[in-house]
Amino acid sequence: QVQLVESGGGLVQAGGSLRLSCAASGSDFSINIMGWYRQAPGKQRELVATRTRGGFTNYADSVKGRFTISRDNAKNTVYLQMNSLKPEDAAVYYCNALTTQAMGSRLYDNWGQGTQVTVSS
């Protein structure tokens, strides 16, 4: 079982920046894809950005050019640098990791508890 612990959320004014971090821990696992999703009140959870172990990234159109996802494979940590934040970016941000255990090929979908991002206008 893999645990994901997020940090870095908070309150920021529109136009400001925040950096989210998510560290994965557990035993004998390998991470394929790590990423961030968000869920605003009354809305479905949506993809924000993902990054593969090899460095391929995918961003939601709404955050392209403002958010940057990075990853430290050695530390099993993923980061989300959020710049030029807008009120519509406010949401609970969830870390996600697709993992395999030991030498197996089955993928496990792991989620963090979420961290609140609030953007004041």
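All of these numbers come straight from a predicted model, not from anything done at the bench.
Sorted by first and then second residue, the pairs that involve residues 41-104 and meet disulfide (SG to SG under 2.5 Å), not counting sequence neighbours, are Cys22-Cys95. Sequence neighbours left out, not one pair with a member in residues 68-82 passes salt bridge (charged side-chain N to carboxylate O under 4.0 Å, His left out).
Other members of the cluster containing Val78 are Val2, Leu4, Val12, Leu18, Leu20, Phe29, Ile31, Met34, Trp36, Val48, Tyr59, Val63, Phe67, Ile69, Leu80, Met82, Leu85, Tyr93, Val117, Val119, with ILVMFWY side chains joined at under 4.5 Å, either directly or via other members. The hydrophobic cluster of Leu11 has no other members, since no ILVMFWY side-chain heavy atom comes under 4.5 Å of it.
Residue Leu98 holds its CG atom at 8.0 Å from CG of Asn110, rounded to the nearest 0.5 Å. Note that OG1 of Thr115 and CZ of Arg38 are 14.0 Å apart. Values are rounded to the nearest 0.5 Å. Atom-to-atom distance recorded for Thr52:OG1 and Asn58:CG is 10.0 Å, nearest 0.5 angstrom.
Counting all heavy atoms, side chain and backbone alike, Glu6 lies closest to Gln113 at OE1-N, 3.1 Å. When all heavy atoms of Ser121 and Pro87 are compared, the pair lying nearest together is CB-CG, 3.8 Å. Listed here is the closest heavy atom pair of Tyr94 and Gly112: CD2-O, 3.6 Å.
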What verdict does the salt bridge (Lys or Arg N to Asp or Glu O under 4.0 Å) test give for Lys86 and Asp89, after you've listed the backbone C-alpha separation in whole Å, the side-chain angles of each residue and the deciding distance to 0.1 Å? CA-CA 5 Å; Lys86 304 176 181 179; Asp89 293 317; over 6 Å; no
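With a 4.5 Å cut-off on side-chain heavy atoms, Thr100 and Leu107 count as touching. Counting heavy atoms from C-beta outward, Gln101 and Arg106 have side chains that stay 4.5 Å or more apart.
In terms of modelled atom types and a separation under 3.5 Å, the side chain of Gln116 and the main chain of Gly9 share no donor-acceptor contact.
Every residue two or more places apart in sequence or in another chain was checked for a salt bridge (Lys or Arg N to Asp or Glu O under 4.0 Å) with Glu88, and none qualifies. Residues satisfying the ring-ring contact (aromatic ring centres under 6.0 Å, His included) criterion with Tyr37, sequence neighbours excluded, are Trp111.
For Gln3, the CD atom counts as densely surrounded, since its 6.0 Å shell holds more than 12 non-hydrogen atoms of other residues, nucleotides or ligands.
Both Leu47 and Val92 are part of a single hydrophobic cluster, where members link through side-chain heavy atoms under 4.5 Å apart.
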